[in-house]
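Working notes, beginning with the structure itself.
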Amino acid sequence: MTANAQRAFSVVGREAAEAASAPEGGTEIAIDGASKTFRRGRMETHALDGVELTIGAGEFVAIVGPSGCGKSTLMRLVAGLLPPSSGRVVIGGETVDGPYTNLGIVFQKPILLEWRTILKNVLLQTEMRHRKDPGLVDRAKGLLAAVGLEGFENRFPHELSGGMQQRVAIVRALIHEPPVLLMDEPFGALDALTREQMRIDLEELWLASRKTVLFITHSIDEAVLLADRVVVMSPRPGKIERIVDLDMPRPRGLEGRKDPDFIAAVESITQIFLARGVLHGGRKGPKLVSA
Ligand code: ADP
Ligand code: MG
């Protein structure tokens, strides 16, 4: 690994994150009986069924569920990118009706513009919002430094590893200081070690800014290590099967896996998936059934 890659891989210190992003707080998200049915010709897909969930201001909520259970659909409803078939989403007291812009979104792929530098990829968000606040460039550089990318501002996306590119996508989602951050399997395309590090760094960033986070993942461990509450979804049509509260001390970092509450929560969520046929036990232990 090069020195630069090592640097990007290293733990982001809380101080750096705090310097880049002073506590800002988040906004409440209320999902009020949201259902979604997709219709294509005579084909109907009932993706989501009566989801009722309030995410408190500054709360970190993770959603875990099998493939195809409507996690991404739920996120698109929250972002106003899709209208619900029934029910509604309310953010900060305002009903979402069309794309909601006061949020940041991170997807599984970083989706960076190859012809723009890292700094200009980050600033694209503010250009699109016609924001010209003084200090934006400094804020972008501060956030890049906080995720281990100091010195990469003038590089191009192809010069960065997958994990580094995903860090840029996270900074791009935060640059306009949104009170809400939506993340749809943001670490799903990364190797296991990079994924672990990104999870640790995300917790540090969140502790420094306390945004309202809706984090979607396939990984039970990741959900339990990151969230204040884990929402467990059933197979399609996606419904909330259970909500698990996590009161483990933070930062959970690497130590979190040793916490008896972590072990108990992972076990209880695994049991839900076993009972719902999402997992099957075998001689080698539970196995995820791909959908
Ligand atoms: P997840 O993110 O949990 O894997 P999705 O929300 O992507 O699940 O999809 C839930 C279900 O809705 C799937 O059966 C998927 O095929 C279907 N679906 C998602 N988007 C559309 C769409 N635009 N048109 C038709 N069906 C869709
Ligand atoms: Mg999805």
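Whatever order the structure lists them in is the order used to number ligands and atoms, beginning at 1.
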So, for [X] and [Y], which heavy atoms are closest and what is the spacing to 0.1 Å?
X	Y	result
V230	A223	CG2-O, 3.6 Å
P66	P235	CG-CA, 3.9 Å
W206	G58	CZ2-O, 3.1 Å

- prompt: G68 to ligand 1: N or O pair under 3.5 Å?
  reply: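 For ligand 1, there is an N or O atom that lies under 3.5 Å from one belonging to G68.
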
message: Tell me whether C69 has any N or O atom under 3.5 angstrom from an N or O of ligand 1.
response: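 There is such a contact, yes.
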
Hey, is [X] close enough to [Y] for a salt bridge, meaning N to O under 4.0 Å?
X	Y	answer
K141	E153	no
R195	D221	no
R167	D201	yes

Output the list of atoms in ligand 1 that are nearer than 4.0 Å to some heavy atom of [X], sorted by atom number.
X	result
S67	4 (O)
T45	12 (O), 14 (O), 17 (C)
A47	11 (C), 12 (O)
R76	19 (C), 20 (N)
R40	24 (N), 25 (C)
T73	5 (P), 6 (O), 9 (O), 10 (C)

query: Do the non-hydrogen side-chain atoms of K211 and L205 ever get within less than 4.5 Å of each other?
result: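 The answer is no, as the side chains (C-beta and beyond) never meet within the 4.5 Å cut-off.
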
- request: Around atom 7 (O) of ligand 1, find the nearest protein heavy atom and jot down its residue, atom name and distance.
  value: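 In this structure, atom 7 (O) of ligand 1 has S72 CB, 3.7 Å as its nearest protein heavy atom.
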
Taking atom 23 (N) of ligand 1 as the reference point, the nearest protein heavy atom with its distance: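 Result: F38 CE2, 3.6 Å.
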
- request: May I ask you to check whether S72 brings an N, O or S atom to under 2.8 Å from the Mg ion (ligand 2)?
  value: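 Within the cut-off used here (under 2.8 Å), S72 does place an N, O or S atom near the Mg ion (ligand 2).
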
task: From the options G65, P235, P66, G70, select the one whose nearest heavy atom is closest to atom 8 (O) of ligand 1.
output: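 Closest candidate by heavy-atom distance is G70.
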
field: R257 CZ: over 12 foreign heavy atoms closer than 6.0 Å
entry: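 More than 12 heavy atoms, drawn from other residues, nucleotides or ligands, come within 6.0 Å of this atom.
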
- request: Mark whether atom 1 (P) of ligand 1 lies under 4.0 angstrom from at least one protein heavy atom.
  value: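 So far as the 4.0 Å threshold goes, atom 1 (P) of ligand 1 is in reach of a protein heavy atom.
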
- request: Using protein heavy atoms only, decide if any is under 4.0 Å from atom 15 (C) of ligand 1.
  value: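 Neighbour list for atom 15 (C) of ligand 1 is empty of protein heavy atoms (cut-off 4.0 Å).
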
- request: Examine K258 relative to F262 and say whether NZ or CZ is less than 6.0 Å from the centre of the six-membered ring and inside a 45° cone about the ring axis.
  value: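 No, K258 does not lie over the aromatic ring of F262.
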
